[in-house]
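Just so you know, ligand 1 is whichever comes first in the structure, and atom 1 is the first atom listed for that ligand. Here the structure is a predicted model, which is why all the values come from computation and not from measurement.
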Amino acid sequence: MRCRLVAGNWKMHGSLAANQALLAALKARLRQVEGVSYAVCVPFPYLNQVSAALTGTPVAWGAQTLSEHDAGAYTGEVSGAMLREFGCRYVIVGHSERRSLFGETDQQVAAKFMAAQRCGLVPILCVGETLEQRERGDTQEVVGRQFETVLNAAGIAGFVSAALAYEPVWAIGTGKTATPAQVQEVHAFLRALAAKRDQGIAQELSVLYGGSVKPGNAKELFAMADVDGGLIGGASLVADDFVAICEAASR
Ligand code: PEP
């Protein structure tokens, strides 16, 4: 059975005081459940705080991006090896905000995916279409191109230890959630693309949904056959909501 993962994306939110309260609540309330993993992906400066708070709990942690380079004169960048030193297990790559606001290209996303794996991090690769692209009927072409660029660079073997997240851009932070049927259709398409290269790896690949997941819609989204958990933005900052979403992932 595929592993489920619920990962919070704090984006550029938090403070030492607010994080302390949120992390204490997660530590007190989240229990290990067979086949389900939890994580929070936090801003770089908080990795030390998060590692101190979550070591020994069922909640892993990670970052929201990394450099495609291993080391060097790249002012302001953070390498995968540095993230590993702070105990990160996961790193998000190719989030739509990185693509649209910081100009990350498909090729750069693929390079980041491989940089993460060189350091033993588990990349969570995000793909997703804009509203305009969906309305033009281009959803499969867009997410297919984003996924295949990484498949071509890393090979299907790169997805033995990685997760894929379908995040329609129009559903991120907007309160508009894709319907379970829309989500299932894209997830099945992505899994089929992976299956063309390796049926076994495709069947084991965790495909997460992200885009305005809330306690009220998590259960029905996670019930879809090809949905293996979620990437959670806004709701991951509210302890009650994140705990409820994590609980909705248990079978
Ligand atoms: C995200 O940032 O990855 C995300 C899914 O955000 P939200 O849950 O707030 O839509």
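Closest heavy-atom contact between S96 and I172: OG-CD1, 3.3 Å.
Within the structure, ligand 1 has S212 among the residues with a heavy atom less than 4.0 angstrom away. Residue contacts with ligand 1 leave out S96, since none of its heavy atoms falls under 4.0 Å from the ligand.
A salt bridge is absent between E204 and R2: the closest approach of a Lys/Arg side-chain nitrogen to an acidic carboxylate oxygen does not fall below 4.0 angstrom.
At a 3.5 angstrom cut-off on N or O pairs, G211 does not count as close to ligand 1.
For F147 and F159, the ring centers are positioned less than 6.0 Å apart.
The single protein non-hydrogen atom nearest to atom 6 (O) of ligand 1 is G233 CA, 3.3 Å, given as residue, atom name and distance. Scanning the protein for heavy atoms near atom 1 (C) of ligand 1, the closest one is H95 NE2, 3.3 Å. Among protein heavy atoms, atom 5 (C) of ligand 1 sits closest to E167 OE2, 3.1 Å.
With no hydrogens or angles considered, a side-chain donor-acceptor pair links N19 and Q49 at under 3.5 Å. With hydrogens and angles left out, the side-chain atoms of W170 and E129 include a donor and acceptor closer than 3.5 Å. Using modelled atom types, one finds a donor on one side chain and an acceptor on the other under 3.5 Å when comparing T65 with K112.
Close contacts of ligand 1 with G234, meaning ligand atoms under 4.0 Å from a residue heavy atom, involve 7 (P), 8 (O), 9 (O). For ligand 1, the atoms closer than 4.0 angstrom to any heavy atom of A171 are 10 (O). Every atom of ligand 1 with a heavy atom of N9 under 4.0 Å away is listed here by number and element: 1 (C), 2 (O), 3 (O). In the vicinity of G173, heavy-atom distances shorter than 4.0 Å reach the ligand 1 atoms 7 (P), 9 (O), 10 (O).
Contact annotation: for I172 versus ligand 1, heavy atoms closer than 4.0 Å belong to both the backbone and the side chain. The residue S236 has no part lying near ligand 1, judged by heavy-atom distances below 4.0 Å.
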Q. Would Y90 and Y38 count as a ring-ring contact (aromatic ring centres under 6.0 Å, His included) if you check the C-alpha gap in whole Å, the side-chain angles of each, and the deciding distance to 0.1 Å?
A. CA-CA 10 Å; Y90 298 99; Y38 315 115; over 10 Å; no
Q: Check the pair R145, D106 against salt bridge (Lys or Arg N to Asp or Glu O under 4.0 Å), reporting the backbone distance first and the verdict last.
A: CA-CA 8 Å; R145 187 202 67 231; D106 292 342; 2.7 Å; yes
